[in-house]
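Model, not experiment: these values are computed from the prediction.
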Amino acid sequence: SGTTTFAGSVGATTKLLGLTTDSAGTTTISATALTATTATFNDPVTLGANATVTGTTVNFANTVDGDAADARTLTVTASGNTTFGAVVGGTGALQALTTDSAGTTLLNGGTVTATTQTYADDVKLGANTTLSGATVTFSKALNGDLTASNRELTANANLVTTLGGTTGNSGVLNKLTTDASGTTLLKSAVTATTQTYKDKVQLGGAATLTATGGTVEFQKSVNGDTAS
């Protein structure tokens, strides 16, 4: 019910089968590396150092924050599911949040605030989600958790928002919105009922935008990445 602190590396020489914290109290990760086949943090997590969590499944069931704003990085390397079940960076914004290319990231907490966000794996939205930072990059597929048009994504990135894989292919989004600052880079197909691009748009490939029964709105310039 108090604080669980990991001050040294965990599983560095012999990987743990499972690492689990209960829902009471808080966990402070001051170690740079935690390695366990299954890592489940049921309580709020505070990063006291730049941390890498490695496993097959990594589940943050509660909030994740840095101990100071824009001061900590979190890298998750999970071949299965990486789950963020609550707000990330709500009281202590992260400097960087990165997931590896294997597996799937489940964004179920509604809000992520990190200066640099890089989702190298497939991403599935389990809630209406707002991502805030300087750069937000989706390297692979981005979908809602249901086949119906049920989830909304708002990307507030003052530099670049990158949609690198197909969006809404298996789980059509209800709304996709980018803020007015920065640039959105579209590299593949997007399917969302309502699409609103408030910033400049740059095409990084052949992009097909589908909004069956809905709208697609470009509020600023649209350009290719090379001259025709």
Side-chain angles (χ1 to χ4, degrees), residues 1-11 16 18-36 38-78 80-100 103-138 142 144-145 151-157 179:
S1 61
T3 301
T4 301
T5 302
F6 296 101
S9 62
V10 176
L16 304 187
L19 173 64
T20 305
T21 64
D22 66 344
S23 59
T26 60
T27 290
T28 299
I29 299 177
S30 296
T32 57
L34 286 82
T35 304
T38 302
T40 304
F41 303 94
N42 288 306
D43 51 354
V45 171
T46 299
L47 302 178
N50 298 336
T52 298
V53 180
T54 302
T56 300
T57 62
V58 176
N59 181 16
F60 295 94
N62 216 308
T63 57
V64 180
D65 291 287
D67 59 351
D70 197 26
R72 302 301 182 190
T73 66
L74 174 62
T75 301
V76 181
T77 302
N81 287 341
T82 298
T83 303
F84 295 101
V87 173
V88 176
T91 59
L94 304 187
Q95 184 182 76
L97 174 63
T98 305
T99 64
D100 69 332
T104 301
T105 292
L106 308 176
L107 297 178
N108 298 337
T111 303
V112 178
T113 304
T115 303
T116 302
Q117 301 180 41
T118 305
Y119 305 95
D121 52 355
D122 293 334
V123 172
K124 187 174 289 186
L125 304 180
N128 295 337
T129 302
T130 298
L131 307 179
S132 299
T135 63
V136 175
T137 301
F138 296 98
L142 168 63
D145 58 348
R151 298 300 182 195
E152 301 178 6
L153 175 66
T154 300
N156 297 324
D179 68 336

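- Considering all non-hydrogen atoms of both residues, Gly8 and Ala31 come closest at O-CB, 2.9 Å.
- One finds the OG1 atom of Thr105 at 8.0 Å from the CG atom of Leu97 (value rounded to the nearest 0.5 Å).
- Here the closest heavy-atom approach between residue Thr73 and residue Asn50 is recorded as N-OD1, 3.0 Å.
- Using a distance-only test at 3.5 Å, with no hydrogens or angles considered, a donor-acceptor pair links the side chain of Asp100 to the main chain of Ala78.
- In terms of heavy atoms, Leu125 sits closest to Glu152 at CD1-O, 4.2 Å.
- The CZ atom of Phe84 sits 12.0 Å away from the OG1 atom of Thr63 when rounded to the nearest 0.5 Å.
- Test Thr83, Thr38, Asn108 against Asn59 for side chain to side chain contact (heavy atoms under 4.5 Å, CB included) and you get one pass: Thr83.
- Side-chain atoms of Asp145 do not come within 3.5 Å of backbone N or O of Lys124 as any donor-acceptor pair.
- In terms of heavy atoms, Asp65 sits closest to Gly90 at OD1-N, 3.0 Å.
- Thr104 and Asp122 are not linked by any side-chain donor-acceptor pair at a separation below 3.5 angstrom, with hydrogens and angles left out of the test.
- Taking all atoms of both residues into account, the shortest heavy-atom contact from Ala127 to Gly110 is CB-N, 4.3 Å.
- Between Asn42 and Ala61, the shortest heavy-atom contact is OD1-CB, 3.8 Å.
- Side-chain contact check for Thr46 and Asp67: no donor-acceptor pair (N or O, by modelled atom type) lies under 3.5 Å.
- When atom types are taken as modelled, the side chain of Gln95 and the backbone of Thr115 share no donor-acceptor pair closer than 3.5 angstrom.
- Between the Asp179 side chain and the Ala157 main chain, a donor and an acceptor come within less than 3.5 Å of each other.
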